[in-house]
Amino acid sequence: MVDSEGKHWQFAINGLRADTEYSLQVRDAGSDVGASWPLRTFPSPDSIPEKFKLLSYTCAGGGDGFGFMGKQYFKPLDFKRRLLASALAEKPDAALAIGDHVYWDLRGQGIPQIGRKKPPLKWVLGHYLRWKFGEFDRSAAMIGTGNESVLKAIGQEQIAALYGTDFKSVPVFFIGDDHDYFENDDAEKDLVTFPADAFSKRASKAMADLYYPALLDRPKGGNGRLAGRLRYGKLFEGFLLDCAGGLTLGDNARLVPEDIEAWAREACVGSSATHFAFIPSHPLGYTAGKWREWYPDVVAEEGEDTVSNELMGETKGTLGVNADKYLWQKGWWNQHQRILAALANRPGSRFMISGDIHALAAERIVRSGDLDLSDRPVTSLLSGPVSSSDGTWPSAARGVQAAVPAWLKAETLVPVTEVNSYTIIEITKDSVGMHLRDCGGYDRSLNETGEVLRSTTINV
């Protein structure tokens, strides 16, 4: 039992056979709770399966059709559920949910600071949020206090109501990103939201423990949520990396903690898997001018020296490196170079899958700073968001569409497209095919339902 009311449970079962379908049944005092369901264990780590089909998506959180002042920030639940139903109809063996499972940015307070620049609007929305969800006490424990009911109210709307039991036979690997710590990655002169404070870490872990499966294959130590490995026999090995919860500033700044970086890079060198992937929550190969990026690119007007690129602000200008990004850390770029070099130097098939930036795209990185990758390019996939709407596309929230960073050179495979989407990655011994599914959702007047509208396939 992981809550105080007996409504949230985790089960761990040992001694199972590899590559075997089991039937699971929940019982309460000898009585069945619902119907049984099938779940198949993964192949043995020493086996070489014929194929593996992996579903990937990002940014599924957000209130049911939440919006105000004429803008919708997150798609309605019906849209999101149809999108995920389309993905499940393709019968994936496993799924990657890459970051931003929850949007509830507190800016250091107890409720989200929506409309903070318009006090009357902030007052009205604040009272509504307190009435419907409650308010966090940042000094209290997360479970067994009033914070637990707030967590559950948010999780019920943004997670439980979305997934239901639809994924009961599909293992889902959740990795966190900035919003899962109940903050956006803001760096302004009056507020810097990361490194995550004690409350943000407690809240993130408590929400994950209540609603997400554990990451069982992970580095020793830590909170168990910052990294994990998805291994499907010797056919595929992928390393999930949270780029927010372990963020550091200073001379040795990193987006991924030092010990986790070492764990992932060593595995990259020593892996015997046919296909290998890094799965960072924040992508290598793309920028939207956000603060917590591997890159210094920022949206700035001509002549500006230092820019704090505020989310939902009134930033104007072009995306580039002619101005300094406030509080951006050169160490993040240095870590980027180490990770990319490790992946590029691995023989055989290797690529990256990531989320965070609300877009669908794919590219091959051929140069990164002084790293010449022209004879060993690395494919980077933006696997596509589930919940973005009028106000949450990069072009709306940041004033620019995501792009290749100035310090990189890349070959475009699929242009950046602001659509809700998912990707099916089909892996065999001889090939990796990425099927990018465009489900629309940019223009509400089109009344798109979340079902697949267009598809593009690339081979890694």
Side-chain angles (χ1 to χ4, degrees), residues 48-60 79-80 82-98 170 172-173 230 232-233 235-238 273-280 283-286 343-344 346 348-366 373 376-386 388 401-404 410-442 446 448-460:
I48 303 180
E50 290 185 5
K51 60 182 179 179
F52 177 44
K53 185 182 288 188
L54 180 62
L55 162 64
S56 181
Y57 57 89
T58 187
C59 305
F79 179 98
K80 295 193 282 186
R82 286 194 188 97
L83 186 154
L84 292 180
S86 297
L88 288 173
E90 302 201 44
K91 299 188 182 305
D93 297 302
L96 292 171
I98 307 178
V170 179
V172 186
F173 292 75
L230 194 176
Y232 202 77
L235 182 63
F236 174 76
E237 195 169 11
T274 304
H275 306 281
F276 186 95
F278 280 142
I279 307 167
L284 280 72
Y286 294 94
L343 194 59
R346 182 188 187 269
S349 170
R350 66 280 188 284
F351 52 93
M352 290 182 289
I353 311 167
S354 55
D356 187 65
I357 292 181
H358 299 220
L360 183 68
E363 67 183 19
R364 286 195 182 99
I365 302 172
V366 297
L373 309 176
R376 47 197 168 100
V378 174
T379 298
S380 180
L381 167 73
L382 292 180
S383 52
V386 169
S388 298
Q401 196 175 65
V404 177
E411 172 193 351
T412 297
L413 301 176
V414 177
V416 172
T417 311
E418 293 184 332
V419 290
N420 288 294
S421 40
Y422 64 89
T423 301
I424 294 288
I425 303 160
E426 287 195 280
I427 302 172
T428 69
K429 183 178 179 181
D430 301 318
S431 66
V432 175
M434 295 180 174
H435 309 288
L436 289 69
R437 311 299 196 204
D438 173 353
C439 300
Y442 184 90
L446 298 177
E448 292 157 338
T449 65
E451 296 171 347
V452 177
L453 302 173
R454 289 164 290 274
S455 295
T456 304
T457 295
I458 62 171
N459 295 310
V460 176

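No experiment lies behind these values; they were computed from the predicted model shown.
- Judged as a side-chain contact (heavy atoms from CB on, under 4.5 Å), and not counting sequence neighbours, the contacts of E237 are R229, R231, F239, S271, A273, F276.
- Rounded to the nearest 0.5 angstrom, T379 OG1 and M434 CE are separated by 6.0 Å.
- Taken from CD1 in I425 to CG in L381, the straight-line distance is 5.5 Å, to the nearest 0.5 Å.
- In this structure the side chain of R350 reaches within 4.5 angstrom of the side chain of R376, judged on heavy atoms.
- With contacts defined as side-chain heavy-atom distances shorter than 4.5 Å, the pair H275/V460 does not qualify.
- Heavy atoms only, all atoms of each residue included: G233 and P49 are closest at CA-CD, 4.1 Å.
- Checking side-chain atoms of E448 against main-chain N and O of G441 turns up a donor-acceptor pair under 3.5 Å.
- Applying the side-chain hydrogen bond (donor to acceptor under 3.5 Å, both in side chains) rule to R437 yields the partners E90, S455; only residues at least two apart in sequence or on another chain are considered.
- Within the 4.5 Å cutoff, no side-chain heavy atoms of I357 are placed close to those of V416.
- S354 pairs by the side-chain contact (heavy atoms from CB on, under 4.5 Å) definition with P280, P283, L382, not counting sequence neighbours.
- Applying the side-chain hydrogen bond (donor to acceptor under 3.5 Å, both in side chains) test to pairs two or more places apart or on separate chains, those with a residue in residues 410-419 are S395-E418.
- By the side-chain contact (heavy atoms from CB on, under 4.5 Å) test, P377 pairs with R364, V366, sequence neighbours left out.
- Shown here are the salt bridge (charged side-chain N to carboxylate O under 4.0 Å, His left out) partners of D438, two or more places apart in sequence or in another chain: R454.
- Contacts of S388 classified as side-chain hydrogen bond (donor to acceptor under 3.5 Å, both in side chains), with partners at least two apart in sequence or in another chain: H358.
- The two residues S421 and L360 come nearest to each other via the heavy atoms OG-CB, 3.6 Å.
- Side-chain contact between T274 and I427 is absent, with no heavy atoms from C-beta onward closer than 4.5 Å.
- The shortest non-hydrogen separation linking I424 to K53 is CG2-CG, 3.6 Å.
- Sorted pairs that involve residues 427-436 and meet salt bridge (charged side-chain N to carboxylate O under 4.0 Å, His left out), not counting sequence neighbours, are lacking altogether.
- A donor-acceptor pair is defined here as one N or O able to donate and one able to accept, closer than 3.5 Å; such a pair exists between the side chain of S380 and the backbone of L284.
- A search for side-chain hydrogen bond (donor to acceptor under 3.5 Å, both in side chains) contacts involving T428 returns S431, not counting sequence neighbours.
- Applying the ring pair (Phe, Tyr, Trp, His ring centres under 6.0 Å) test to F79 and every residue at least two apart in sequence or in another chain returns nothing.
- Take F52 and apply the ring pair (Phe, Tyr, Trp, His ring centres under 6.0 Å) test, not counting sequence neighbours, and it matches Y232, F236.
- Rounding to the nearest 0.5 Å gives a distance of 10.0 Å between CD of E363 and CD1 of I458.
- At least one donor-acceptor pair closer than 3.5 Å links the side chain of R346 to the backbone N or O of S349.
- Scored by the side-chain contact (heavy atoms from CB on, under 4.5 Å) test, A97 finds Y57, H101, Y163, V172, F174 as partners (sequence neighbours excluded).
- When atom types are taken as modelled, the side chain of T58 and the backbone of I98 share a donor-acceptor pair closer than 3.5 angstrom.
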Under the side-chain contact (heavy atoms from CB on, under 4.5 Å) rule, what do L230 and L54 come out as? Steps first, then yes or no, please.
CA-CA 10 Å; L230 194 176; L54 180 62; 3.9 Å; yes
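- Note that NZ of K80 is 9.5 Å distant from CG of N420, once rounded to the nearest 0.5 Å.
- Contact annotation: the side chain of L55 approaches that of Y422 to within less than 4.5 Å [non-hydrogen atoms, C-beta and beyond].
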